[in-house]
Amino acid sequence: VEIIVHNPFVPETVEGWSLLHQTFRIRWPELRRLSAAARVELAAEAVARLRTEINVDLGRTILVQLLGHKGDLMLIHARRSFDDLSQAQLELTQANLFDLLEPTMSYLSIVELGMYEMTAKIHEQLGAQSLELGSEAYESAFDAAMDVQRSRVLGRLFPELPARRHVCFYPMNKRRGEAKNWYLVPFDDRAAMMREHGHIGRGYSGRVNQIISGSMGLDDWEWGVDLFADDPLVFKKLIYEMRFDRASAEYAEFGPFYVGLQFAPSRLADLLDGRTPQLVTHIPAD
Ligand code: FEC
């Protein structure tokens, strides 16, 4: 029996950054007992241990002040590999600030682009060349076609984490209870629903950046969704509108939402001092 590497029922995906989200509660009482100078020192030492500068090859870490009780600080680490994510995680444990942080959530995933249209197209093209599904020729021709697709979307697999003020992260599944299961729906129907989904999404072009990461086999939900916007109302409008797209209305199940304000790493001391840290490092004179 031939082993089918490229199962026509499964949409192909291409992968980019490994992502680790971490949220922490800050131990405010202990922090308040320190002098302002000590808090500045704590912040500087912690930031020096995080790779916060934009680096298109190695990735970076961004800082988000969370609103609400689910944590005070969220870090999003984007790295090339799980080894590099591990180092980012360990690096933080070596900071003095770490003694004042209590983890409240973490989420592991890999940036993913789903390719419904392309999967169907490649299978169709190879079938038209009378290659036989599962044969070595078929599978290697498929791999070659996917390599072309991967290089085409490389910039979207390794995106810069957008420097936008508002960040919204949540995990989600695509099945509901026992009645609704995305994975039992025929390929073409799923592809049509994803087209509709992409169409709604593109209506928000420019107002939001979205990064979808896959977490099957990696964490407790199937996908992580990161949204970045200047105006937080965009999250509310976009997610509301998407509830009406069939893929969401019928199949989507959502985990907890983490929403907050991205800030410049050099402003971490402001947060520790109890002042909302800003994304810009200096206010331009008018
Ligand atoms: O089956 C799968 O592959 C599901 C992976 C997946 C999830 C998901 C959820 C959300 N998205 C949201 C926003 C946008 C915006 C755009 C957009 C487009 C796509 C495309 C694919 C895709 N999304 Fe998605 N989304 C998933 C996958 N999404 C594939 C089309 C190709 C692409 O552009 O990458 C438009 C982007 C643009 O072109 O500018 C915006 C939001 C959610 C979570 C809410 C919900 O699902 O109801 C918001 C999972």
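Remember, it's 1-based here, ligands and their atoms both numbered in the order they're listed. Positions are given from 1 along the sequence.
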Leaving waters out, which protein N, O or S atoms fall under 2.8 Å from atom 24 (Fe) of ligand 1? His197 NE2

Report the part of Asp245 in contact with ligand 1, treating N, CA, C, O as backbone and CB onward as side chain, heavy atoms under 4.0 Å; options are side chain, backbone, both, neither. neither

Once you round to the nearest 0.5 Å, how far does CD of Glu102 lie from OG1 of Thr23? 11.0 Å

Ligand 1 atoms nearer than 4.0 angstrom to some heavy atom of Lys174 are 1 (O), 2 (C), 4 (C)

Hey, is Met115 one of the residues with a heavy atom under 4.0 angstrom from ligand 1? no

Not counting sequence neighbours, which residues clear side-chain contact (heavy atoms from CB on, under 4.5 Å) with Lys180? List them please. Arg176, Glu250, Tyr251

With heavy atoms under 4.0 Å as the rule, classify the contact between Tyr240 and ligand 1 as side chain, backbone, both or neither. neither

Tell me whether the count of non-hydrogen atoms from other residues, nucleotides or ligands lying under 6.0 Å of CD in Glu30 goes above 12. yes

Quick one: nearest non-hydrogen protein atom to atom 42 (C) of ligand 1, plus distance? Tyr170 OH, 3.7 Å

Does only the side chain of Met194 get under 4.0 Å from ligand 1, or the backbone, or both, or neither? Count heavy atoms. side chain

Contact check, Phe235 vs ligand 1, heavy-atom distance below 4.0 Å: no

Side chain, backbone, both or neither: Glu222 near ligand 1, heavy atoms under 4.0 Å: neither

Select one of side chain, backbone, both or neither to describe which atoms of Tyr204 lie under 4.0 Å from any atom of ligand 1, heavy atoms only. neither

Specify side chain, backbone, both or neither for Arg190, according to which of its non-hydrogen atoms lie closer than 4.0 Å to ligand 1. neither

